[in-house]
2 protein chains.
Amino acid sequence: MKSAAKPRRSTCPFDYALEVFGDRWTLLVLRDLLFSGKRHFREFCASEEGIATNILTDRLKKLEAWDMVSRSRDPESGRQVIYHLTDKGLALTPAMLEIIRWSAKYDPEGCASTAFIRRIKRDRDGLVAEIIAKARRARRDSPEQSD
Amino acid sequence: MKSAAKPRRSTCPFDYALEVFGDRWTLLVLRDLLFSGKRHFREFCASEEGIATNILTDRLKKLEAWDMVSRSRDPESGRQVIYHLTDKGLALTPAMLEIIRWSAKYDPEGCASTAFIRRIKRDRDGLVAEIIAKARRARRDSPEQSD
DNA sequence: CCGGATCCGTTTCGATACTG
DNA sequence: CAGTATCGAAACGGATCCGG
């Protein structure tokens, strides 16, 4: 991910996560994959934040190169491309939930107390497990796995 | 933070966190504040990632504008400026620890099992409390609070 | 049509040199 | 030491085009 350029390392291995968490569009795609169940190129495009197609392509490629997203194709209705999170991608769930929790706490527009947020506070670990299990099921039930 | 431009909102309030977590340099500054106890402009500059001074100024200003960082000045040795995390900034600790945990798990350079990482796995909540308490103490003991 | 590549004008970012 | 000014490089957004 970081082409072994940096020799030194601080107390915590944070650099590795920087390209994932340090990029706005990457985070948005991950959010959509984790919490909105989006799977298709056009669905990501439809996010209200309005990601451009070239940017989306780039980020999906990066995520795939990092083994965080897998790319498959519906063999029947040939032209549908489906994106799934790998286990490495799904492992971001706890971090993403903590970010959402912080966001909900301080967002002045304060849509703070959705059921989702309350669930994070009350039963974080259960929620993590549920999200991951659901995503794995969706991935397994998906048409075909390519490459 | 987001000047009330977007009318609609998805399931989770994620947008609010995007400017914080979607920016590489902001994350690095926060990391240094949280885990390295850095307080001075020059200390952030000295990070191995090599942040440029104008970028650092910009990000510190943003963090201050978001009430995540407070800026004070040593009244004795006049020209020293000291930065501290506010409680809002400190509230990022759980999210940052989860990011570090993920990072440690998948970083191929695998400096995975430092004492710090083990501590995250074993006693996350205790570690969060400890980090926050320590930062609050440092903030209180600091020379003066300005503005 | 869907997924994606390409081109291009504009904006933002960031490295360096410089200043109070 | 903390921060600004300058300017080239990179990223972005939007439109358009292309292959299956």
Side-chain angles (χ1 to χ4, degrees), chain A residues 2-3 5-6 15 18-29 32-33 38-65 69-84 142-147, chain B residues 1-3 5-6 15 18-30 32-33 38-65 69-84 142-147:
Chain A
K2 180 127 275 193
S3 50
K6 294 289 160 54
D15 295 8
L18 262 187
E19 293 185 61
V20 177
F21 286 94
D23 179 76
R24 169 187 169 84
W25 297 117
T26 303
L27 280 181
L28 284 172
V29 170
D32 287 346
L33 281 164
K38 297 190 180 174
R39 300 281 172 265
H40 303 290
F41 195 91
R42 88 192 96 91
E43 291 176 309
F44 300 114
C45 284
S47 283
E48 58 178 85
E49 288 85 1
I51 187 169
T53 61
N54 53 349
I55 308 294
L56 177 55
T57 300
D58 178 74
R59 297 306 191 275
L60 284 169
K61 272 184 186 159
K62 280 183 178 168
L63 286 168
E64 202 188 348
V69 158
S70 70
R71 193 171 177 286
S72 55
R73 194 180 283 269
D74 189 334
E76 314 296 328
S77 67
R79 65 199 176 293
Q80 289 274 61
V81 174
I82 301 172
Y83 295 95
H84 285 286
S142 158
E144 263 312 293
Q145 217 63 0
S146 78
D147 83 300
Chain B
M1 186 179 277
K2 182 126 272 192
S3 51
K6 295 290 162 52
D15 295 7
L18 260 188
E19 294 184 60
V20 176
F21 285 95
D23 179 74
R24 169 187 168 82
W25 297 115
T26 303
L27 282 179
L28 283 172
V29 170
L30 288 170
D32 287 346
L33 280 164
K38 296 191 182 175
R39 301 281 171 266
H40 303 291
F41 194 92
R42 89 193 97 94
E43 293 176 310
F44 301 114
C45 283
S47 283
E48 59 178 86
E49 288 85 2
I51 186 169
T53 59
N54 57 343
I55 307 297
L56 178 55
T57 299
D58 178 75
R59 298 307 191 273
L60 284 169
K61 272 183 185 160
K62 281 183 176 166
L63 286 168
E64 203 188 346
V69 159
S70 69
R71 192 173 179 284
S72 52
R73 195 179 282 270
D74 188 334
E76 314 296 327
S77 67
R79 64 198 178 293
Q80 289 270 64
V81 174
I82 301 172
Y83 296 94
H84 286 285
S142 158
E144 264 313 293
Q145 218 64 0
S146 79
D147 95 293

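Fair warning: this is a prediction, and the values are worked out from it, not measured in the lab. Chain identifiers are assigned alphabetically (A, B, ...) following the order of the sequence lines, protein sequences preceding nucleic acid strands; residue numbering begins at 1 within each chain.
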Under-4.0 Å side-chain N/O to phosphate OP1/OP2 contact, [X] with [N]:
X: Arg59(A); N: dA11(D); answer: no
X: Gln80(B); N: dC1(D); answer: no
X: Trp25(B); N: dG14(C); answer: yes
X: Tyr83(B); N: dC1(D); answer: no

Base dG4(C) to side chain Asn54(A), donor-acceptor N/O within 3.5 Å cut-off: no

Among [options], which nucleotide has an atom closest to any side-chain atom of [X]?
X: Thr53(B); options: dC2(C), dA17(C), dG14(D); value: dA17(C)
X: Lys61(A); options: dC12(D), dA5(C), dG14(D); value: dA5(C)
X: Phe41(B); options: dG13(D), dA2(D), dC13(C); value: dA2(D)
X: His40(B); options: dA5(C), dA2(D), dG13(D); value: dA2(D)
X: Arg42(A); options: dG3(C), dA2(D), dG13(D); value: dG3(C)
X: Ile55(A); options: dC12(D), dG14(D), dC13(C); value: dC12(D)

Axis-to-axis angle between the two ends of the helix from dC1(C)-dG20(D) to dG20(C)-dC1(D) (five base pairs per end, rounded to 10 degrees): 30°

Tell me, do [X] and [Y] make a side-chain contact under 4.5 Å, heavy atoms counted?
X: Lys38(A); Y: Tyr83(A); answer: no
X: Asp23(A); Y: Leu27(A); answer: no
X: Leu28(A); Y: Phe44(A); answer: no

